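What follows is one structure encoded as structure tokens, with my remarks underneath.
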Amino acid sequence: MGLGITHTPGLTMKWFLFFVLAIGLGLCSSTVNSVSGYNYYRLPTALRPQKYYLRILTFLENPDDLRFAGTVKILIEALENTRNITLHSKNLTIDESQITLRQVSGEGRKDNCVSSTSVNPSQDYYILNTCEELLAGNVYKLSLPFSADLSRQLFGYYRSSYKDPVANVTRWLSSTQFEPAWARKAFPCFDEPSYKASFVVTLGYHKKLTALSNMPIKETKPHESLPNYVWSQFEESVPMSTYLVAYSVNDFANKPSTLPNGALFRTWARPNAIDQCDFAAEFGPRVLQYYEQFFGIKFPLPKIDQIAVPDFSAGAMENWGLVTYRESTLLFSEGHSSLADKQDLANVVAHELAHQWFGNLVTMKWWTDLWLNEGFATYVAGLGVHNIHPDWHSKDRGSLQSMMASFRLDSLVSSHPVSRPIQMVTEIEESFDAISYQKGSSVLRMMHLFMGEEAFRSGLKQYLQLYTYKNAEQDDLWVSLTQAAHRNGSLPRNYEIKTIMDSWTLQTGYPVVNVTRDYTAKSARLSQERYLRNTQIPRDQRVGCWWVPLSYTTEKEKDFSNTVPKAWMECSRNGESLPKTIYDLPGSDQWVIFNTQLSTPYKVNYDAQNWKLLIETLNSEDFESIHVINRAQLIDDILYFAWTGEQDYETALQVTNYLQRERDLLPWRAAFNNLKLLNRILRQTPNFGLFKSYMKKLLSPIYEHLNGMNDTFSSIQQQNEILLKTTVVDWACQYQVSDCVPRAQSYFRRWKSEANPDEKNPIPINFRSTVYCTAIRHGTDEDWDFLWTRYKKSNVGSEQQTILATLGCSREVWILQRYLEMAFNPKGGIRKQDSTLVFQAVASRQIGILLAKKYFMENVELIHKYYYPQTRTMSRLLKPFSEQVITTGDLNEFRTFTISSQKYLKGVRQAIQQTLETMLTNVQWKERNYQHFSRSIQQHLNNIPTSLEHLQKSTIKRNLNKLLVNI
Ligand code: BES
Ligand code: ZN
């Protein structure tokens with residue numbers, strides 16, 4: 001075959017961005033040695049793959065030579081005439097002499113061939129120039145052989161391993177992670193989500209092993225030449241995107257849990273962990289069945305497997321029919337995993353199974369609309385878990401969590417719109433963030449609540465049916481939803497979902513709605529502007545207009561159940577916000593609250609009188625007459641406003657003061673979420689003592705009320721209370737409230753004195769994280785080594801995660817330094833998947849931050865190499881910095897570092913901007929609020945009668961009431 005610099009006729013000039021003259025060759029293929037000028041980030045549109053026949057032989061016998069070899073045959077339809085086939089391939093060796101090309105339908109000569117090939121490594125292109133022009137309307141069959149080592153990274157077709165404790169040997173397995181753009185590392189393909197095709201996968205492997213893929217096995221036969229090897233052919237898949245293809249060769253065990261009339265359902269894990277599959281095996285098929293009803297569409301595949309892969313970079317991946325997980329997110333052990341672990345597990349399973357509809361059946365056209373996948377899966381998972389475990393109250397908790405996470409990130413100028421233009425693979429990776437997941441989920445919930453159940457569901461169903469096995473963009477969804485809402489009468493005829501939703505998905509940020517009441521006229525004037533944490537941004541740059549559905553209730557009405565808008569804040573044609581006045585409100589003796597149940601992602605600020613009325617109710621017996629999500633809203637809002645100066649800390653502390661009475665998890669979550677940031681700043685300042693006193697005062701009543709460190713979990717009825725107790729105890733030990741620290745230490749000592757601590761752990765499961773951390777913080781080298789040994793011997797993923805996170809609680813510099821180095825040392829005993837957890841465990845703490853910052857700056861090249869090219873992972877390392885840099889000097893130092901290390905931080909540009917901006921807001925806080933906040937706290941501590949008295953009275957009263965009820 002002749003080789004040479006290729007010409008690519010048929011491509012328009014705009015795609016010739018530049019000729020890549022000297023690119024690192026050999027990156028893509030050892031046998032290809034020319035380069036191409038086609039450098040546009042999207043594949044040319046002349047061709048469309050219809051079907052892939054993928055045969056892959058996997059070698060797992062020799063640990064020094066773990067590799068795969070295969071052939072892909074692709075049926076390709078020509079939509080336009082073209083002389084080349086451009087597809088994706090990365091780090092694959094392709095033997096060109098074996099490439100064949102043939103026309104399989106249409107008129108004329110059937111023979112064709114490939115005259116030359118070239119690569120464009122910057123776009124991962126492999127370009128085949130054809131001997132004869134491919135003609136529109138014809139179908140061709142291209143056959144390509146390829147091979148590579150099983151990747152040592154956690155994506156593409158990669159290796160994983162675990163220790164078999166019985167035989168005391170390492171067992172190897174293989175698995176895939178293709179989203180967003182790594183199928184190209186496993187086989188040459190058209191690796192874009194809109195090139196859907198059907199797949200016939202055939203896997204070759206040693207007969208003692210098991211092979212899994214998206215579809216069930218059709219037939220298995222012996223390998224033609226390799227003894228003990230077999231070929232298993234899987235059934236042909238439905239049309240799907242390349243990023244959803246998956247396969248694995250392993251020696252795992254499985255637990256079947258198929259429901260009557262349901263698809264075959266199995267849960268897989270290494271044999272020694274199969275007893276940890278029960279919960280996921282039971283939960284999975286139930287939530288799948290719920291979605292079949294919810295979406296009104298049956299799961300289309302004959303089977304679904306979920307598998308716990310020992311080495312896994314994300315939390316889980318929704319491959320169609322073969323969902324992959326980390327061990328810690330799929331496996332549950334009664335004796336080792338906490339309630340929070342269990343709920344997280346259910347949430348992850350519900351998320352991935354929701355993708356089987358949103359993402360797999362209907363897929364976004366391009367990664368710009370990634371949020372249609374992730375936002376939906378996040379939102380719908382909440383509904384799924386709620387349906388199966390209503391007693392967990394996870395829907396409200398999840399909604400609040402999503403709302404708070406998006407409020408945080410989206411108040412930065414460096415945030416981005418939900419729907420985000422994307423070109424580079426690194427940008428795709430960056431999009432898997434709180435905006436796509438949490439803000440995406442929040443705006444969907446908003447729609448659900450303003451449209452009502454029926455219209456929302458019928459719109460979704462119509463959309464899913466219309467685009468089954470196809471691709472869609474957000475506008476397609478808006479059309480279906482508008483039609484459903486109009487049919488249903490739940491949206492004014494002159495409104496369109498697109499107009500409303502574009503303001504939420506195409507525009508960065510969210511508004512603060514300022515409510516100024518006229519108590520005589522009984523009205524309120526509403527205005528909106530973008531809410532920003534950076535207080536240096538002038539007013540005229542806070543413009544923007546969001547279509548805000550206005551729900552509200554009054555002190556008399558207290559109707560928080562109605563989330564249907566009573567009015568709308570509208571935008572003019574050119575996007576300016578139109579003022580709004582609400583009438584028929586009560587007088588100055590009653591509060592109003594906007595945004596019932598926090599149904600829309602905006603913040604609300606009121607005039608002083610309304611805040612005063614709210615503070616009165618919150619601090620009275622009647623505080624529960626305000627819906628629990630709105631209590632959380634008030635706390636979150638006021639603490640934001642005090643931070644940015646719209647309100648003062650005196651007012652904020654009057655609001656948070658009511659927490660002495662609060663027994664529900666959500667307002668506490670909102671408080672902790674904000675207090676955590678204050679804590680991280682203040683603990684570096686001389687006034688931390690004041691803050692500590694304040695925190696002790698805040699925490700003591702609830703700590704006592706929940707019986708502190710006593711193991712009362714089995715008697716608690718409300719699951720939320722278990723979570724609250726877990727969190728409160730954790731905070732209490734940090735602030736050394738009451739007997740928290742000595743009790744934690746004594747639990748730990750009891751564990752240490754067990755004859756067989758790996759078999760028997762006397763520490764209540766829900767306290768373990770707090771107990772380990774407290775014991776390590778106040779403990780010795782020997783305590784650290786004891787816990788590290790437990791990590792090494794543990795057989796349970798979630799327990800291992802808890803230990804890794806708490807080993808960072810040490811205050812010994814040398815231990816922390818050693819721990820940091822272990823995290824990035826392939827032989828350090830910590831899996832690559834856990835390295836960010838370890839880094840965060842060190843970096844989020846007082847002493848650790850100093851070491852971690854230095855380590856990161858000095859070793860950025862090494863860290864970059866460690867993750868390359870999946871550098872997105874590095875963004876997780878930055879968060880602890882953003883929360884703890886509080887001086888201009890440190891901020892400047894970090895900024896200079898990011899500039900001088902640019903080449904190692906390419907995949908995390910967005911995260912760097914967000915980190916720097918967050919640091920700036922800390923600096924601003926310290927300059928503007930530090931003195932004022934300290935004074936307010938001082939005053940608060942002096943003035944308010946001890947909260948304990950309050951509490952004791954109210955606890956006695958409560959207990960009395962309980963007694964009376966029982967009688
Ligand atoms: N599709 C993602 C997995 C993924 C994440 C692929 C990032 C490529 C890059 C999956 O559905 C997902 O969202 N997983 C979450 C867990 C989920 C419960 C939020 C994850 O991995 O964190
Ligand atoms: Zn997802």
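In each ligand, atom 1 is the first atom listed, and ligand 1 is the first ligand listed. None of the values given here were measured: they were computed from a predicted structure.
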Run the numbers for me: atoms of ligand 1, each under 4.0 Å from some heavy atom of Tyr437, listed by number. 2 (C), 5 (C), 12 (C), 13 (O), 19 (C)

Counting only heavy atoms closer than 4.0 Å, does ligand 1 sit against the backbone of Arg872, its side chain, both, or neither? side chain

Could I get the full list of side-chain hydrogen bond (donor to acceptor under 3.5 Å, both in side chains) partners for Asp834, not counting sequence neighbours? Arg326, Gln801

Compute the centroid of each ring, for Phe190 and then for His88, and state whether the two points are separated by less than 6.0 Å. no

Would you mind telling me if ligand 1 is within reach of the side chain of Glu179, the backbone, both or neither, using heavy atoms under 4.0 Å? both

What's the verdict on salt bridge (charged side-chain N to carboxylate O under 4.0 Å, His left out) for Asp305 and Lys303, showing C-alpha distance, side-chain angles and the deciding distance? CA-CA 7 Å; Asp305 288 302; Lys303 69 94 182 170; 2.6 Å; yes

Using a strict 4.0 Å threshold on nitrogen-to-oxygen distance, state whether Asp278 and Lys255 make a salt bridge. yes

Just which atoms of ligand 1 are under 4.0 Å from any heavy atom in His355? 11 (O)

Are Gln177 and ligand 1 in contact, using a heavy-atom cut-off of under 4.0 Å? yes

Verify the distance criterion only: is there a donor paired with an acceptor across the side chains of Asp433 and His416 at less than 3.5 Å? yes

Among all protein heavy atoms, pick the one closest to atom 3 (C) of ligand 1 and tell me residue, atom and distance. Ala316 O, 3.2 Å

Under 4.0 Å from a heavy atom of Gly315: give me the atoms of ligand 1 that qualify, with their elements. 20 (C), 21 (O), 22 (O)

Give the residue, atom name and distance (to 0.1 Å) of the protein heavy atom nearest atom 16 (C) of ligand 1. Glu352 OE2, 3.9 Å

Glu318: numbered ligand 1 atoms lying under 4.0 Å from its heavy atoms: 1 (N), 2 (C), 10 (C), 11 (O)

For Ala314, counting its heavy atoms only, list the atoms of ligand 1 lying under 4.0 Å from any of them. 21 (O)

Identified ring pair (Phe, Tyr, Trp, His ring centres under 6.0 Å) partner of Tyr52 from the options Tyr195, Phe234, Phe199: Phe199

Do the ring centers of Tyr157 and Tyr247 come within less than 6.0 Å of each other? yes

Of all N, O or S atoms in Glu374, which has the smallest distance to the Zn ion (ligand 2)? OE1

Could you check whether Phe295 and Phe358 have their ring centres less than 6.0 Å apart? yes

Please report, to 10°, the angle around the Zn ion (ligand 2) from atom NE2 (His355) across to atom NE2 (His351). 100°

Quick one: nearest non-hydrogen protein atom to atom 5 (C) of ligand 1, plus distance? Phe432 CD2, 3.6 Å

Could you go through the ring pair (Phe, Tyr, Trp, His ring centres under 6.0 Å) check for Tyr866 and Phe824 one step at a time? CA-CA 7 Å; Tyr866 192 62; Phe824 298 101; 5.7 Å; yes

If you take the nearest heavy atom of each of Asp433, Thr873, Val348, which one is closest to atom 18 (C) of ligand 1? Val348

Before we go on, tell me: are the rings of Tyr291 and Phe299 under 6.0 Å apart, centre to centre? no

Which of the numbered atoms in ligand 1 are under 4.0 angstrom from any heavy atom belonging to Glu374? 1 (N), 2 (C), 11 (O), 13 (O)

